[in-house]
J.: 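Before we start, here is the structure in question, set down as structure tokens.
Convention: sequence-line order gives letters A, B, ...; per-chain numbering from 1.
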Amino acid sequence: VVCYNVLIDGFSKRGETNEAVRIWDRMFEDHCVPSLVTYNSMLNCLYKEGMFDRATEIWHRMVRNGCEPDAFTYSTMIHWLCKQGKVSDAAAIWSLMLKSNCKPDLVAYNALINGFCKDGMVDEGLQVWRMMVEMGCPPSVVTYNVLIKGLCNADKVSHAIDLWQGMGSNGSKPDVITFGILVEGLCKKGYISKAFEVWNEMQNVGCVPNVVAYCSMINGLCKEGRLQEASIIWQQMADRGCKPNAQTYNSLINGLCKESRVSEALKIFQHMTEDCIPTVVTYNTLINGLCVLKRVGEAGRLL
RNA sequence: ACUGCUAACGAGGUAC
């Protein structure tokens, strides 16, 4: 079984759904009995692709064969339903789980909370968070990251900060993702100096920014037209041996374009081609920047 | 080491 499981999940992860299904069929031809992991992997594979009808067949087979769904089963379904905007279906699966013998675990809670938050239902997310505490399931840093992101997106930045500051007394330590989310959220609301406070606090507690965190800070500054400060952060990133990736370059290039400093942007672009591969976003950003300045000819030459 | 949860970039769209 394990071999089949590995193959199914491997194909599923590479997006080769048809191959995964072929292995599943093959498994029966070989008279091998699927395990709980097999069912879970198949459900994951089909839900990811939105193939709910086929998935339901698998679910029924699972039940028919007396294989009890576990927390993996439920959180997989909840996760993909939410990702596809079917939050109320996810909530239905959640109730199904509550009625079953399977108690929700940390990941299941997080998946549901994330679903609510991403759909703009932060209050529901917070309610689930309180519920998990009552049920004796301690929230993790992922739980907080999801909620903080949700609160920022809902323009409840100060509530997000409260949550961040309460993490310690709830047994969670903010990580680089937490700080990145806060920096991004604060910048987007225009609270740059608060973002800098958080940025410094991150270093004070010994959390080392990664390329994503740098990107959030740089992008936030660029969006506010604060390129001077952005380039200082960029320099620090380089000095600390953190290699910028395409997305980081794109943020800076976009910042320069938006300030009509397209020539500088092109210079950065030259530099970029030496240590990473420009993406379609890079070209769109530059072309747009050039076109806005009526430098259409140069824009054409980029193609 | 068989399966499930979290963060960053462009453009477009946002008339009534």
J.: Do the non-hydrogen side-chain atoms of A:L182 and A:M202 ever get within less than 4.5 Å of each other?
T.: no
J.: Salt bridge check, A:K194 against A:E197: does any charged N sit closer than 4.0 Å to a carboxylate O?
T.: yes
J.: CG of A:L286 to CE of A:M272: how many Å apart, nearest 0.5 Å?
T.: 8.5 Å
J.: Sequence neighbours left out, what passes side chain to side chain donor-acceptor pair (under 3.5 Å) with A:N245? Give chain and number order.
T.: A:T248
J.: May I ask you to say whether A:R14 pairs ionically with A:E16, meaning some side-chain N is under 4.0 Å from a carboxylate O?
T.: yes
J.: With a 4.0 Å heavy-atom cut-off, tell me which residues in residues 218-231 of chain A come close to RNA chain B, sorted by residue number.
T.: A:N219, A:K223
J.: Separation of A:I177 atom CD1 from B:A7 atom P, in whole Å?
T.: 8 Å
J.: Side chain of A:T76 only, please: which of B:G4, B:U6, B:C9 is the nearest?
T.: B:G4
J.: Any N or O donor-acceptor pair linking the side chain of A:S75 to the base of B:G4 at under 3.5 Å?
T.: yes
J.: Quickly work out the A:N145 CG to B:A8 P distance and round it to whole Å.
T.: 11 Å
J.: How is A:V212 classified with respect to the nucleic acid when contacts are heavy atoms under 4.0 Å: base, sugar-phosphate, or nothing?
T.: base
J.: Taking OP1 and OP2 of B:A7, is either one under 4.0 Å from a side-chain nitrogen or oxygen of A:K118?
T.: yes
J.: Name the closest nucleotide to the A:N210 side chain, picking from B:A7, B:C2, B:G4.
T.: B:A7
J.: What's the CG-C1' distance between A:N114 and B:G4, to the nearest Å?
T.: 13 Å
J.: When you measure only distances, ignoring hydrogens and angles, does the side chain of A:N153 come within 3.5 Å of the base of B:A7 through a donor and an acceptor?
T.: no
J.: Starting from P on B:C9, measure out to CG on A:N254 and report it in whole angstrom.
T.: 10 Å
J.: Begin from the C-alpha positions of A:D70 and A:T73 and carry the test side-chain hydrogen bond (donor to acceptor under 3.5 Å, both in side chains) through to its verdict.
T.: CA-CA 5 Å; A:D70 67 356; A:T73 321; 2.8 Å; yes
J.: Which whole-number value in Å describes the distance from A:W129 CH2 to B:C5 C1'?
T.: 18 Å
J.: Are a donor atom and an acceptor atom from the side chains of A:Q127 and A:D123 found within less than 3.5 Å of each other?
T.: no
J.: In whole Å, what is the span from the OH atom of A:Y144 to the P atom of B:A7?
T.: 18 Å
J.: Within the 3.5 Å criterion, strictly below it, is a donor on A:T282 or A:N250 matched to an acceptor on the partner's side chain?
T.: yes
J.: Could you walk me through whether A:R61 and A:E57 satisfy the salt bridge (charged side-chain N to carboxylate O under 4.0 Å, His left out) test, starting with their C-alpha distance in whole Å, then the side-chain angles of each, then the deciding distance to 0.1 Å, before giving a yes or no?
T.: CA-CA 6 Å; A:R61 182 192 287 272; A:E57 288 171 24; over 6 Å; no
J.: Using a 4.0 Å heavy-atom cut-off, does A:A108 contact any base of the nucleic acid, only the sugar-phosphate backbone, or nothing at all?
T.: base
J.: With a 4.0 Å cutoff (strictly under), does any side-chain N or O of A:K188 reach OP1 or OP2 of B:A7?
T.: no
J.: Looking for any heavy atom pair under 4.0 Å, which part of the strands does A:K83 touch: base, sugar-phosphate only, or nothing?
T.: sugar-phosphate
J.: Look at A:K258 and B:A11 and indicate whether a side-chain polar atom (N or O) is within less than 4.0 Å of OP1 or OP2.
T.: yes
J.: Compare side-chain N and O positions of A:K149 against OP1 and OP2 of B:A8 and report whether any pair is under 4.0 Å apart.
T.: yes
J.: For A:E134, is there an ion pair with A:R130 - N to carboxylate O distance below 4.0 angstrom?
T.: no
J.: So which nucleotide from B:A11, B:C2, B:A8 ends up closest to the side chain of A:C215?
T.: B:A8
J.: Charged N to carboxylate O below 4.0 Å: is that the case for A:K267 and A:E264?
T.: no
J.: Counting Watson-Crick and G-U wobble pairs with both distances under 3.5 Å, what is the dot-bracket string for RNA chain B, 5' to 3', using [ ] for crossing pairs and | for pairs to another strand?
T.: ................
J.: Taking CE from A:M27 and C1' from B:C2, how many angstroms apart are they, rounded to a whole number?
T.: 11 Å
J.: Closest approach to the side chain of A:D105, judged atom by atom: which nucleotide of B:C5, B:C9, B:G4 is it?
T.: B:G4
J.: Taking OH from A:Y74 and C1' from B:U3, how many angstroms apart are they, rounded to a whole number?
T.: 16 Å
J.: Which is true for A:V37 with a 4.0 Å heavy-atom rule: it touches a base, it touches only sugar-phosphate, or it touches nothing?
T.: base
